[in-house]
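Notes follow once the structure below has been shown.
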Amino acid sequence: MTQTAPWWHAATAYQIYPRSFCDSDGDGIGDIPGIISRLDHLADLGIGFVWLSPVYRSPMADNGYDISDYRDIAPEFGTLADMDRLIAEAKSRGIGIVMDLVVNHSSDEHHWFQEARRSRDNPYRDYYVWRDPAPNGGAPNDLQSNFGGPAWSYDERTGQYYLHLFDRRQPDLNWQNPELRRAIYEMMNWWLDRGVAGFRMDVIDLIGKDPDASITADGPDLHPFLREMHDATLKGRDVVTVGEAWSATTEGALLYSGRDAGELSMVFQFAHIVQGWDEVHGKWKPKPFDLVGLKQVLAEWQLALADDGWNSLFWSNHDLPRAVSKYGDDGRFRVVSAKMLATVLHMMKGTPYIYQGEEIGMTNIAFTDISQFRDIETLNFHKIQTAAGVTPGDFLAGANSNGRDNARTPMQWTDGPQAGFTSGEPWIEVNPNHREINVAADRARPDGIFAHYCELARLRRELAVMREGSFTPYLQDHPKVMAYVRQHEDARIAVLANFTGEVVTVDVPRGLAISGRAISANYPGRDALDGTAELRPFEAVAILEG
Ligand code: NOJ
């Protein structure tokens, strides 16, 4: 029996970072009524579901990835009634709202942690991970936080250390405790019953950790926990679940997202992102762009998940730089290169995610002073790097190229004051280039970036070959172009893209040759590939045969 494909195979996703999307009340912080006021923008784009970064009550140490009440909304974002209205208004436009589920850790202000730190025998103590000091009084072991520095902080009152794989204000929850797990599942069901379309699960690869063995990602209990969660919450509901998993391998992805695995709908993994980072200094040290390396990783994942499992397709999110600045050209060729990146990504197999502002080609911002940054990770690394003797210039080069604030500058709606994001003072600077780059200007152009993304979302709904077709890469060693073919039954699409600002002449391999109709292109006039192709700067074309 052939299973019918789930609805989200045909969906294009859109990520909203609420703090920076649209502010309705002039406090300089985006909010839920602001999102509601912009839902038509997403409906016009043809979005199937929104991944909403956290809107729960939170002291905002990590902009909401530190939750102090999983069943309430942060007052700066609105109320539960606003949230219900968002779910209903989105639904009436055919859009599902996917909540961000941050359950590897909570905020230190969550009442569970407030209780847990009162005494060693408090009933909530075991909801978190506590260990005695090492014999010398120091941390139990050398585990490091993802935000820099030790992953253990000492609690004076009870004389033990607690684990935090992120900031000290984000204590890790102890998934070994069955009551904690039950409390999480109840909370998930509470949201599902309210009508959310699913969950994006924050750093879900960490929940099975064994800190005593210094194992954080892919711990022994990870997959058993996810199967238990599935049975307790997701089973029988037609929802979409997306697991953020920095550590996922292609084999691991099948465990998470295999058709019969009973865990999640898809993985959201970063192999293609991390291949572009410095081997020693990670993302903080800019590295020249390497298209061959990037293509290798993309192809490896396309091929490994050809028959089972499901992947997310993305260039950017709220933790990453802007796509066009990182992989395209945010100067002279901004518009064509933004479209090229869209075509190349959306024509692959998986669920594509558009990060807010990507649909109009928003760019990185170049900060010149540490006082302009807001991100806790960047600020922590600044302290660490300064202490290690990194010069201000080198720090800025790293932070401006890969820092998380690039994606967090406010959405550029208009060329007016504060880009139409707020009537007040924005919590982080608006990119001055909003005078040229904004939704109103781009949408007014029939050949704008927005129009290009609309087409891609429509094609995904219409063409089975785009959703389910096989993937065959070509020209893998070519340093300037990317090429592949998708095939499903009699339908065939060939994609060819130039990743440079130069004209590139390519000998078209036999398997890539095609003639038909350009269904996604950023220059006019190419309906076939054969012999040699002279590609214009950042030209991309997807041709459907026949
Ligand atoms: C991943 C999230 O995407 C990021 O923004 C956050 O800081 C960490 N997880 C911790 O929750």
Side-chain angles (χ1 to χ4, degrees), residues 13-21 30 50-70 74 77 98-110 113 128-129 143-149 151 153 162-173 175 184 199-207 209 216-218 222 241-248 264 266-270 273-274 277 282-284 312 314-322 353 355-356 373-382 399 402-409 427-428:
Y14 187 93
Q15 186 193 349
I16 292 183
Y17 194 67
R19 209 176 174 77
S20 305
F21 191 64
V50 165
W51 154 19
L52 183 65
S53 277
V55 290
Y56 312 83
R57 190 176 279 274
S58 161
M60 302 285 166
D62 187 16
N63 289 353
Y65 284 91
D66 50 320
I67 296 170
S68 57
D69 186 344
Y70 289 98
F77 291 151
V98 168
M99 294 280 276
D100 212 315
L101 185 75
V102 189
V103 288
N104 172 68
H105 46 269
S106 73
S107 160
D108 62 346
E109 293 186 23
H110 194 290
F113 192 72
Y128 294 88
V129 183
L143 273 182
Q144 294 294 300
S145 150
N146 286 293
F147 286 166
S153 281
Y162 66 89
L163 179 72
H164 54 88
L165 294 177
F166 294 88
D167 190 66
R168 58 187 306 144
R169 301 184 59 191
Q170 295 168 294
D172 273 54
L173 289 162
W175 274 72
I184 290 173
F199 295 105
R200 174 268 183 183
M201 301 186 185
D202 190 67
V203 287
I204 203 67
D205 54 342
L206 304 183
I207 63 171
K209 64 184 78 76
T216 55
D218 290 322
L222 168 63
T241 49
V242 188
E244 186 199 24
W246 285 81
S247 64
L264 305 177
M266 66 184 95
V267 286
F268 197 99
Q269 56 75 34
F270 297 81
I273 303 286
V274 173
W277 290 0
K283 69 181 191 179
W284 299 102
S312 305
F314 64 95
W315 292 125
S316 177
N317 72 7
H318 66 294
D319 295 329
L320 300 172
R322 291 280 175 183
Y353 286 72
Y355 179 67
Q356 66 183 41
F373 292 90
R374 295 287 174 273
D375 171 31
I376 187 172
E377 181 191 46
T378 308
L379 298 176
N380 281 352
F381 270 97
H382 177 251
N402 272 332
R404 309 198 299 180
D405 280 335
N406 283 307
R408 300 177 180 187
T409 62
W427 69 278
I428 187 170

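In each ligand, atom 1 is the first atom listed, and ligand 1 is the first ligand listed.
- A side-chain donor-acceptor contact under 3.5 Å links Ser53 and Tyr65.
- Side-chain rings of Phe314 and Phe268 approach one another, their centers coming within less than 6.0 Å.
- Within the 4.5 Å cutoff, the side chain of His318 has heavy atoms near those of the Trp51 side chain.
- Scored by the side chain to side chain donor-acceptor pair (under 3.5 Å) test, Arg374 finds no partners at all (sequence neighbours excluded).
- Take His110 and apply the ring-ring contact (aromatic ring centres under 6.0 Å, His included) test, not counting sequence neighbours, and it matches Tyr70, Trp112.
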Show the distances, to 0.1 Å, for all pairs joining an N/O atom of ligand 1 and a protein N/O atom that are shorter than 3.5 Å, listing one pair per line.
{"from": "ligand 1", "atom 1": "3 (O)", "to": "Arg200", "atom 2": "NH2", "distance (Å)": "3.2"}
{"from": "ligand 1", "atom 1": "3 (O)", "to": "His318", "atom 2": "NE2", "distance (Å)": "2.8"}
{"from": "ligand 1", "atom 1": "3 (O)", "to": "Asp319", "atom 2": "OD2", "distance (Å)": "2.5"}
{"from": "ligand 1", "atom 1": "5 (O)", "to": "His318", "atom 2": "NE2", "distance (Å)": "2.9"}
{"from": "ligand 1", "atom 1": "5 (O)", "to": "Asp319", "atom 2": "OD1", "distance (Å)": "2.7"}
{"from": "ligand 1", "atom 1": "5 (O)", "to": "Asp319", "atom 2": "OD2", "distance (Å)": "3.4"}
{"from": "ligand 1", "atom 1": "5 (O)", "to": "Arg404", "atom 2": "NH1", "distance (Å)": "3.3"}
{"from": "ligand 1", "atom 1": "7 (O)", "to": "Asp62", "atom 2": "OD1", "distance (Å)": "3.4"}
{"from": "ligand 1", "atom 1": "7 (O)", "to": "Asp62", "atom 2": "OD2", "distance (Å)": "2.5"}
{"from": "ligand 1", "atom 1": "7 (O)", "to": "Arg404", "atom 2": "NH1", "distance (Å)": "2.9"}
{"from": "ligand 1", "atom 1": "9 (N)", "to": "Asp202", "atom 2": "OD1", "distance (Å)": "2.9"}
{"from": "ligand 1", "atom 1": "9 (N)", "to": "Asp202", "atom 2": "OD2", "distance (Å)": "3.2"}
{"from": "ligand 1", "atom 1": "11 (O)", "to": "His105", "atom 2": "NE2", "distance (Å)": "2.9"}
{"from": "ligand 1", "atom 1": "11 (O)", "to": "Asp202", "atom 2": "OD2", "distance (Å)": "2.7"}

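- Checked against side-chain contact (heavy atoms from CB on, under 4.5 Å), Arg169 has the following partners two or more places apart in sequence or in another chain: Pro59, Ala61, Asp108, Glu109, Asp167.
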